[in-house]
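The block underneath contains the structure these notes are about, expressed in structure tokens.
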Amino acid sequence: MLTYSPEATLTNSLPSSLLFENVTEALGKVPIVRLNKIHSVCQHHHLYLKLESCNPGGSIKEKNAAYLVNEAEKQGLLLPGGTIVESSSGNFGIGLAIVGATKGYRVMIVIDAKTPVTMRRMLTAYGAELVEVPLSAADAQGSMQVARMAKAQELATNIPGAWYPCQHKNPSNTDAHAIWTAGEIEAAFGGAPDAIAIGVSTAGQLGGISRYFKKYYPQTRIIGVDVAGSAIFGTPRHPYKMTGLGLSFVPPNFDPQVLDAAYSVDDGLAFSVCHAMAKQEGMLLGASTGAIVAAALADAQSFTQPQTMLLLNPDRGDRYLETVYNADWLTANNINILQNSYLTEAVANLSPVPLNIVTKN
């Protein structure tokens with residue numbers, strides 16, 4: 001098991017917590033920053049963003065990657081010189097590529113047409129090989145996820161010594177966050193915040209963090225966030241531009257019973273919050289963070305007593321410079337960036353998905 005605070009091997013004035021044997025041991029050393037200007041609700045409630053974008057490769061999924069690779073090695077599923085194969089829209093693939101680079105594994109990532117150019121360049125920079133699934137394999141709503149997973153399974157079956165972690169279905173995908181991320185939140189708050197807002201995705205983060213807090217701090221509300229058009233919450237499916245959130249199926253690790261609230265946020269609102277965060281809070285963050293912040297702001301408005309909320313920021317914004325932060329791309333996709341009172345009104349109009357719909361799905 002990885003540790004975030006290994007004993008120092010050098011003698012100097014730096015604290016031992018800043019000395020690591022390799023890049024994977026630096027995971028989790030990220031700041032938690034209060035939001036102040038994005039919305040007036042921040043003056044009454046205390047909203048803190050855990051900047052997992054400050055992990056070495058820029059995302060929270062590096063934790064899953066490091067944990068699952070270590071476990072695969074322990075179980076003999078991944079041997080020296082082996083190949084890691086995964087289906088990923090970017091962040092988990094980058095995490096695996098980082099771990100593969102430090103440990104000497106070949107890494108193959110199955111992508112599709114929605115994978116941004118920046119993500120592709122980052123993956124190849126870390127040494128990953130890209131296998132692209134054609135658009136003809138998309139389902140009726142334009143999702144490529146099932147086709148990508150099938151291709152990853154095919155590669156893993158046919159390549160000797162290959163291992164397919166399958167983040168979407170791996171029951172251990174939650175463990176890194178139950179062990180590490182939840183503990184980091186607890187340490188930062190000296191206990192627990194009133195609420196934690198988490199993007200659903202493959203349900204690794206949601207599953208792990210909720211497992212810990214429901215056991216030790218059951219009063220903490222768990223807020224799940226997804227993109228509108230995704231299948232996870234049982235709301236109507238339709239195409240969406242978001243990457244990092246949304247699936248065409250309900251992931252096995254998703255347990256709707258852990259949710260105290262669920263929000264489905266459309267691309268336009270999520271991307272608008274991203275732009276406002278950069279201009280008003282000085283943080284250039286990923287697309288899913290916009291959805292998570294929007295949901296937390298909307299949720300906080302329903303409370304009269306001050307709430308302390310932890311929001312999980314999955315990744316940084318450099319991955320989205322050609323999409324979310326590109327005016328030409330936004331125009332081509334008919335996405336209007338809301339500002340000022342229009343953004344405030346959109347947040348005010350964001351209602352939670354009824355939990356009876358979520359639990360029936």
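- A donor-acceptor distance shorter than 3.5 angstrom exists from the side chain of Asn22 to the backbone of Thr24, with no hydrogens or angles considered.
- Within the structure, no pair that satisfies the salt bridge (charged side-chain N to carboxylate O under 4.0 Å, His left out) test touches residues 334-344, not counting sequence neighbours.
- Among all heavy-atom pairs drawn from Ala113 and Leu135, the shortest one is CB-CD2, 3.4 Å.
- With sequence neighbours excluded, the residues satisfying side chain to side chain contact (heavy atoms under 4.5 Å, CB included) with Ala276 are Ile38, Gln280, Leu343.
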Evaluate the criterion side chain to side chain contact (heavy atoms under 4.5 Å, CB included) for residue pair Thr323 and Thr118; output intermediate values, then yes/no.
CA-CA 9 Å; Thr323 54; Thr118 305; over 6 Å; no

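- Ala195 is linked by a side chain to side chain contact (heavy atoms under 4.5 Å, CB included) to Arg221, Ile223, Met309, counting only residues two or more places apart in sequence or in another chain.
- Nearest heavy-atom pair across Gly234 and Ile357 is O-CG2, 3.9 Å.
- Without hydrogens or angle criteria, Glu281 side chain to Lys37 main chain gives a donor-acceptor distance under 3.5 Å.
- By the 6.0 Å contact criterion, CD on Gln305 is open, its count of non-hydrogen atoms from other residues, nucleotides or ligands being 12 or less.
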Which donor-acceptor pairs under 3.5 Å do the side chains of residues 40-57 make with protein atoms, sequence neighbours left out?
from  : atom 1 : to     : atom 2 : distance (Å)
Gln43 : NE2    : Asn36  : O      : 2.6
His44 : NE2    : Thr304 : O      : 2.5
His45 : ND1    : Gln307 : N      : 2.9
His45 : NE2    : Ala300 : O      : 3.0
His45 : NE2    : Phe303 : O      : 3.2
His46 : ND1    : Arg34  : NH1    : 3.2
His46 : ND1    : Arg34  : NH2    : 3.0
Lys50 : NZ     : Glu52  : OE2    : 2.5
Lys50 : NZ     : Glu184 : OE1    : 2.7
Glu52 : OE1    : Asn55  : ND2    : 2.7
Glu52 : OE1    : Lys63  : NZ     : 3.4
Glu52 : OE2    : Lys63  : NZ     : 3.1
Ser53 : OG     : Asn313 : OD1    : 2.8
Asn55 : OD1    : Gly28  : N      : 2.8
Asn55 : ND2    : Glu52  : O      : 3.0
Asn55 : ND2    : Ser59  : O      : 3.4

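- Judged purely by atom type and a 3.5 angstrom limit, Asn333 uses its side chain to pair as donor or acceptor with the backbone of Trp329.
- A donor-acceptor distance shorter than 3.5 angstrom exists from the side chain of Gln145 to the backbone of Gly246, with no hydrogens or angles considered.
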Report the C-alpha separation of Lys214 and Asp255 in whole Å, then their side-chain angles, then the decisive distance to 0.1 Å, and conclude whether the salt bridge (charged side-chain N to carboxylate O under 4.0 Å, His left out) test is met.
CA-CA 12 Å; Lys214 288 299 181 183; Asp255 177 7; over 6 Å; no

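- Evaluation of the salt bridge (charged side-chain N to carboxylate O under 4.0 Å, His left out) test over residues 321-349, restricted to residues two or more places apart or in two chains, returns none.
- Put simply, the side chain of Ser88 gets close to the backbone of Gly90: a donor and an acceptor are under 3.5 Å apart.
- Only one option out of Thr83, Leu96, Ile84, Leu130 pairs with Met108 in a side-chain contact (heavy atoms from CB on, under 4.5 Å); it is Thr83.
- Pairs engaging residues 193-215 under the ring-ring contact (aromatic ring centres under 6.0 Å, His included) rule: Tyr212-Tyr216, Phe213-Tyr217 [sequence neighbours left out].
- Scanning for salt bridge (Lys or Arg N to Asp or Glu O under 4.0 Å) contacts around Asp318 gives Arg316, with sequence neighbours left out.
- Distance alone, capped at 3.5 Å, is enough to place a donor-acceptor pair between the Asn64 side chain and the Asn173 backbone.
- Applying the salt bridge (charged side-chain N to carboxylate O under 4.0 Å, His left out) test to residues at least two apart or on different chains, none of the pairs has a partner in residues 186-208.
- Residues in residues 102-114 take part in these salt bridge (charged side-chain N to carboxylate O under 4.0 Å, His left out) pairs, two or more places apart or across chains: Glu73-Lys103, Arg106-Glu129, Asp112-Arg148.
- Taking each heavy atom of Leu247 and Thr202 in turn, the nearest pair found is CD1-CA, 4.3 Å.
- With sequence neighbours left out, Lys279 forms a salt bridge (Lys or Arg N to Asp or Glu O under 4.0 Å) with no residue at all.
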Could you give me the CA-CA distance, side-chain angles and deciding distance for Ile209 and Leu312, then say whether side chain to side chain contact (heavy atoms under 4.5 Å, CB included) is met?
CA-CA 10 Å; Ile209 293 169; Leu312 210 59; 3.6 Å; yes

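- The side chain to side chain donor-acceptor pair (under 3.5 Å) search around Thr174 returns Arg211, not counting sequence neighbours.
- Sorted by first then second residue, the ring-ring contact (aromatic ring centres under 6.0 Å, His included) pairs that include residues 272-294, not counting sequence neighbours, are His275-Tyr325.
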